[in-house]
Structure formats: C-alpha cells, structure tokens
Amino acid sequence: MKKSLVSTFAALLFLTFHHHCSLFKNTRPSTAKAFNLNELATYGQYVYQKEKCAICHTFQVEKARHKIVSLDGLGGKYSGLWYYYMLADPQVVNPEATMPGYPHLFNTALDKRQFQKLTLGQTPEQLEFSWNQLIAQADTLKTEINDQGEQQVSHSEVLALIAFLQQLPASAGKIKKDSLEMARFKKEVYDWESLLADQTSLLHRTAANPENMAAGKVIFNNYCILCHGHQGQGGIGPNLTDPYWLHGGKPASVLHTVVYGVPEKGMPVWGNMLTPKEIGEIVAYIQSIQGSNPPDAKAPQGAKE
Ligand code: HEC
Ligand code: HEC
C-alpha cells in the first residue's frame with residue numbers, strides 16, 4: 001500500500017510537472033538564488049534553513065540515503081492545503097510518518113526586517129516593491145489553502161515555506177527516474193474521450209453495475225482515502241457521500257472527474273494510472289456510499305443535486 005502510493009505520487013509528479021512549469025517562469029532575477037524563487041519562496045528558503053530541515057533532507061535525488069529523504073522535484077507535487085496539514089502534523093497525511101510537525105511556523109509572522117536581510121542591496125523603493133510582491137503572493141496562497149473557508153490562515157512563516165517547497169524544480173536525473181517509473185506504471189494508453197462519450201462502453205457498464213462496488217472499495221482504499229477519507233467522508237478532498245458536488249454527482253460526471261482529475265486543485269488525473277475497469281469499479285463504489293452519513297464528514301462543497 002505504502003509502496004503503491006509512493007509510485008502513484010512519483011507518477012503524479014511527472015504528470016503535474018508540466019502544469020506547474022509556469023511557477024518557475026514568474027520569477028524576478030533579483031531574488032533568484034540557486035533556483036528561480038519568487039519573493040515568498042525566498043523567504044521560505046530562509047525558513048527551511050532556520051528550521052534545519054536539511055538534517056533529514058537533500059534536494060538531490062542521488063544523495064538520498066538511509067534517513068535522508070530527497071525533496072528533489074517537489075514543486076508541483078502537492079497542493080498548498082496538503083502542505084498546510086502536513087507541516088502541522090505529518091501523520092495527518094501519512095499515519096506512518098516519522099517527520100516532526102512544525103506547528104510554531106503557523107504562529108510566526110512574516111517579518112519585513114527579516115526579509116530585508118534576505119534581499120540585501122535593495123534600495124528602500126525596491127524593498128517596498130518586493131515586500132508588496134511577497135504579501136500578494138502570500139495572499140494568493142492563502143486563498144488557495146482557504147478555498148473552502150475552513151482554515152484560519154495568517155501571514156505566517158508556514159506560507160513562505162510552502163511556497164519554497166512548491167517551487168523546487170526537478171533535476172534532470174529526477175525527471176528521467178520518474179519517466180522510467182511512469183512507463184512501468186502505465187501499462188496502456190486509453191481513449192478516454194470515446195470511453196466517456198459512449199454510454200455502452202466498459203467504463204459506463206462497470207460503473208452502472210452495483211456488483212462492482214466491492215472491487216471498487218479495494219481500489220478506493222488504495223488510492224483515494226488519503227484525501228477523501230476511509231469512508232469517503234472527505235479530508236484534503238471533498239466528502240463523496242453527500243448530495244453536494246463541485247463537478248457533478250451523476251455517474252457520468254463522477255467518471256469524468258476521476259478520469260481527468262482536477263490537477264490544479266490537487267485531484268490527480270487517474271486516467272493516466274488506472275484502467276477503465278478500475279475507474280468503473282471505483283465509481284460503482286462511490287454510488288454505493290451515497291447518503292451513508294459517515295462520522296466526521298467534511299462540510300458540503302459545491303451545489304446540491
Ligand atoms: C528528523 C528528520 C526530519 C526533519 C527534521 C524534517 N523532515 Fe521532512 N521528512 C522526514 C521523513 C522521514 C519523511 C518521509 C515521510 C516520513 O516518514 O515522515 C519526510 C517527508 C517530507 C516531505 C514529503 C516528501 C514527499 O516527497 O512526499 C516534505 C515536503 C518534507 N518532509 C519537508 C520538510 C521540511 C520543510 C522540513 C523542515 C521544516 C522537514 N521536512 C524536516 C524527516 C524529516
Ligand atoms: C492527493 C489528494 C487526492 C487524491 C489521492 C484523490 N483525490 Fe479526489 N479530489 C481531491 C481534491 C482536492 C478534490 C477537489 C477538487 C476541486 O476543488 O475542484 C477532489 C475531487 C474529487 C471528486 C469530485 C467531487 C465533487 O464534489 O465533484 C471526485 C469524484 C473524486 N475526487 C474522486 C476521487 C477518487 C475516486 C480518487 C481515487 C482514485 C481520488 N479522488 C483521489 C483530492 C484527491
């Protein structure tokens with residue numbers, strides 16, 4: 001299970017990398033260090049050093065060894081909300097995590113004087129400009145994390161650290177390793193457009209047959225509970241048992257969402273990783289848990305159907 005998730009995320013990284021390349025483009029050379037970091041991420045690089053994350057981490061894939069975890073190519077891998085949960089308590093996203101949590105970063109405000117030290121050589125006007133950039137970037141990330149209005153996000157160091165982690169590019173070695181892994185992972189390429197359009201396709205037939213819910217539950221447990229909860233009650237992703245849907249709750253809409261994902265919001269593109277039969281089975285399972293009212297359900301998101 002753990003291993004399959006690791007390879008899933010390696011594949012996800014590869015898949016989402018292209019979507020996030022734009023992250024590296026909106027940067028100004030004045031604050032660029034080793035990578036092209038924006039102002040907020042530059043501050044985050046300082047937080048990373050101050051917190052001594054490097055005791056356990058490296059940015060080079062080949063330098064990873066026992067007890068040293070590589071963060072090579074982390075940019076584009078996880079949503080802001082994922083980091084927001086993870087940095088407070090890593091066990092929320094991975095029950096087996098051994099990494100310590102960093103709750104104090106949520107209460108340490110971003111400090112303009114500290115930022116000034118990181119951007120030495122700027123005139124007061126330049127400092128004012130880049131500090132305003134930083135605040136705007138923090139606001140954007142805050143809005144992304146607080147999409148559902150459930151988080152109390154302040155301008156704290158955790159935002160800067162998240163920006164830094166989200167802007168870590170992948171080394172050439174990492175990209176190669178991931179594409180090899182991806183090639184192994186992805187057995188076949190499917191014509192999802194036709195499968196979705198044809199109501200009599202194996203995809204639709206599998207989803208419509210309630211007998212497939214048991215098989216679907218196994219796959220759901222492997223790939224989906226991390227973000228949607230053990231009973232589909234929601235977590236990082238929405239509650240899948242209530243009548244509220246962001247992307248439509250009819251089987252055809254759910255199939256569409258699972259196949260294409262919502263990569264910019266952190267919902268993976270499963271059409272690149274699972275077969276039509278597997279996705280059909282998962283959607284049969286999702287239908288079977290409608291109205292199940294699991295405990296600790298996430299607040300409704302989207303429109304009622
Ligand atoms: C005592 C060692 C240790 C320290 C210190 C540490 N980490 Fe970790 N980190 C880990 C381990 C081990 C993992 C792998 C998952 C696990 O077992 O928790 C991990 C995983 C991660 C991941 C997920 C990587 C992935 O590809 O999924 C991120 C991101 C991360 N750490 C960031 C940080 C940051 C940022 C800091 C500093 C604020 C930090 N870590 C400090 C040990 C540590
Ligand atoms: C890494 C986290 C993550 C994983 C893993 C994940 N999801 Fe999601 N999922 C999300 C997020 C985040 C959203 C909300 C997308 C948005 O805001 O538009 C979502 C949305 C959805 C929706 C749309 C819900 C709606 O309200 O319209 C469905 C259906 C769904 N996921 C199914 C699945 C299935 C099935 C799996 C496993 C094969 C899965 N997800 C795995 C994060 C995840």
Side-chain angles (χ1 to χ4, degrees), residues 2 5-6 8-10 12-13 16 44-45 47-58 61 64 66-75 77-83 85-87 89-91 93-102 104-105 144 147-148 157-158 160-162 164-166 168 174 216 219-229 232 234-251 253-271 273-274 278-279 281-287 298 300-303 305:
K2 207 178 169 201
L5 266 180
V6 169
T8 302
F9 280 119
L12 277 183
L13 163 69
T16 50
Q45 185 174 35
V47 176
Y48 186 90
Q49 284 155 2
K50 170 172 75 79
E51 298 297 327
K52 304 191 170 58
C53 307
I55 293 175
C56 300
H57 292 292
T58 166
V61 74
H66 187 55
K67 295 213 166 116
I68 300 285
V69 178
S70 171
L71 301 180
D72 189 1
L74 208 61
K77 189 171 174 187
Y78 299 120
S79 68
L81 186 58
W82 188 91
Y83 284 115
Y85 281 110
M86 188 277 198
L87 290 167
D89 177 4
Q91 295 189 349
V93 298
N94 171 7
E96 290 161 38
T98 56
M99 170 168 148
Y102 288 83
H104 64 277
L105 298 180
E144 187 211 312
D147 197 16
Q148 314 304 338
E157 287 189 344
V158 74
L161 186 59
I162 292 173
F164 174 63
L165 297 170
Q166 286 190 321
L168 288 174
K174 170 74 174 163
I219 308 169
F220 189 87
N221 285 345
N222 268 331
Y223 298 106
C224 319
I225 58 173
L226 180 71
C227 298
H228 291 286
I236 293 174
N239 178 347
L240 299 178
T241 67
D242 67 9
Y244 293 83
W245 295 91
L246 293 163
H247 303 283
K250 295 201 177 65
S253 311
V254 178
L255 283 170
H256 190 278
T257 312
V258 179
V259 167
Y260 291 116
V262 193
E264 67 282 7
K265 297 277 186 179
M267 164 67 182
V269 183
W270 295 102
M273 282 171 268
L274 301 175
E278 288 170 323
I279 292 184
E281 287 168 348
I282 295 178
V283 173
Y285 171 66
I286 292 177
Q287 289 173 82
K298 195 176 181 190
Q301 292 171 254
E305 287 192 15

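Counting convention: from 1, in listed order, for ligands and their atoms alike.
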**Prompt:** Between Thr98 and ligand 1, does any nitrogen or oxygen pair lie at a separation below 3.5 Å?
**Reply:** yes
**Asked** Going by the atom numbers of ligand 2, which of them fall below 4.0 Å from some non-hydrogen atom of Leu246?
**Response** 16 (C), 17 (O), 25 (C), 26 (O), 27 (O)
**Asked** Any idea which part of Leu161 is under 4.0 Å from ligand 1, heavy-atom wise: side chain, backbone, both or neither?
**Response** side chain
**Request:** Before signing off on this row, confirm whether Tyr78 and ligand 1 have an N or O atom pair separated by under 3.5 Å.
**Result:** yes
**Asked** If only atom types and distance count, is the side chain of His228 paired as donor or acceptor with the main-chain N or O of Asn239 below 3.5 Å?
**Response** no
**Request:** Measure from atom 8 (Fe) of ligand 1 to each N, O or S atom of His57 and report whether any distance is below 2.8 Å.
**Result:** yes
**Complete:** Within 4.0 Å of some non-hydrogen atom of Val254, the atoms of ligand 2 are 29 (C)
**Message:** Distance check, rounded to the nearest 0.5 Å: Ile219 atom CD1 versus Glu281 atom CD?
**Reply:** 4.5 Å
**Item:** Pro90 and ligand 1 - part of the residue with a heavy-atom distance under 4.0 Å
**Value:** neither
**Message:** For the NE2 atom of His247 and the CD atom of Gln301, what is their distance to the nearest 0.5 Å?
**Reply:** 9.0 Å
**Prompt:** With a 4.0 Å cut-off on heavy atoms, is Leu240 touching ligand 2?
**Reply:** yes
**Message:** As an exercise, identify every atom of ligand 1 less than 4.0 angstrom from a heavy atom of Ala97.
**Reply:** 16 (C), 17 (O), 18 (O)
**Request:** Please identify which atoms of ligand 2 are closer than 4.0 Å to at least one heavy atom of Gly266.
**Result:** 1 (C), 2 (C), 3 (C), 42 (C), 43 (C)
**From His256, Glu278, Glu305, Met267 - option closest to atom 10 (C) of ligand 2 by heavy atom** = Met267
**Request:** Find out whether Leu168 and Leu165 are in side-chain contact, i.e. whether some heavy atom of one side chain is under 4.5 Å from a heavy atom of the other.
**Result:** yes
**Request:** Identify, by atom number and element, the atoms of ligand 1 in contact range of Val69, meaning under 4.0 Å from any of its heavy atoms.
**Result:** 11 (C), 12 (C), 13 (C)
**Item:** Student check: side-chain heavy atoms of Val158 and Tyr102 closer than 4.5 Å
**Value:** no
**Asked** Side chains of Phe164 and Val47: closer than 4.5 Å at any heavy-atom pair?
**Response** no
**Fill in**
If we number the atoms of ligand 2 from 1 as shown, the ones under 4.0 Å from a heavy atom of Thr257 are 22 (C), 23 (C)
**Complete:** Any heavy atom of Trp270 under 4.0 Å from ligand 2? The part involved is side chain
**Item:** Atoms in ligand 2 flagged as close to Trp245, the criterion being non-hydrogen separation under 4.0 Å
**Value:** 24 (C), 25 (C), 26 (O), 27 (O)
**Request:** Can you figure out which of Lys50, Met99, Gln49 has its heavy atom closest to atom 39 (C) of ligand 1?
**Result:** Met99
**Request:** Just jot down the ligand 1 atoms closer than 4.0 angstrom to any heavy atom of Tyr83, in number order.
**Result:** 29 (C)
**Stepwise side chain to side chain contact (heavy atoms under 4.5 Å, CB included) test for Thr241 and Lys298** = CA-CA 10 Å; Thr241 67; Lys298 195 176 181 190; over 6 Å; no
**Prompt:** Hey, does His247 come in under 3.5 Å of ligand 2, counting only N/O atoms on both sides?
**Reply:** yes
**Message:** List the residues meeting side chain to side chain donor-acceptor pair (under 3.5 Å) with Ser70, not counting sequence neighbours, and say none if there are none.
**Reply:** none
**Prompt:** Is the closest side-chain heavy-atom distance between Trp245 and Val254 below 4.5 Å?
**Reply:** yes
**Prompt:** Can you list the ligand 1 atoms lying under 4.0 Å from a non-hydrogen atom of Met86?
**Reply:** 21 (C), 22 (C), 23 (C), 28 (C), 30 (C), 31 (N)
**Item:** Main-chain N/O of Pro243 paired to Glu305 side chain as donor or acceptor, under 3.5 Å
**Value:** no
Pairs under 3.5 angstrom only: tabulate donor-acceptor contacts from the side chains of residues 48-56 to other protein residues two or more places apart or in another chain.
residue : atom : partner : partner atom : Å
Lys50   : NZ   : Glu157  : OE1          : 2.8
Glu51   : OE1  : His104  : NE2          : 3.0
Glu51   : OE2  : His104  : NE2          : 3.2

**Request:** Mark up the atoms of ligand 2 that fall under 4.0 Å of a heavy atom belonging to Ile282, in ascending order.
**Result:** 35 (C), 38 (C)
**Fill in**
If we number the atoms of ligand 2 from 1 as shown, the ones under 4.0 Å from a heavy atom of Lys265 are 12 (C), 15 (C), 16 (C), 17 (O), 18 (O)
**Asked** Just wondering, do Ile282 and Leu274 contact through their side chains at under 4.5 Å, heavy atoms?
**Response** yes
**Item:** Nearest-0.5 Å distance, OH of residue Tyr285 to CG of residue Leu240
**Value:** 9.5 Å
**Asked** Applying a 4.0 Å heavy-atom criterion (strictly less than), which segment of Leu74 is in contact with ligand 1: side chain, backbone, both, or neither?
**Response** side chain
**Request:** Answer with side chain, backbone, both or neither: which part of Pro268 has a heavy atom less than 4.0 angstrom from an atom of ligand 2?
**Result:** side chain
**Message:** Under a 3.5 Å distance rule, please check whether Gln166 uses its side chain to pair with a backbone N or O of Tyr78 as donor and acceptor.
**Reply:** yes
**Item:** Heavy-atom nearest neighbour of atom 14 (C) of ligand 2 within options Gly237, Gly235, Cys227, Pro238
**Value:** Pro238
**Item:** His228 touching ligand 2 at heavy-atom level, < 4.0 angstrom
**Value:** yes
**Request:** Would you give the length of the straight line joining atom CE of Met99 to atom CD of Gln91, rounded to the nearest 0.5 angstrom?
**Result:** 11.0 Å
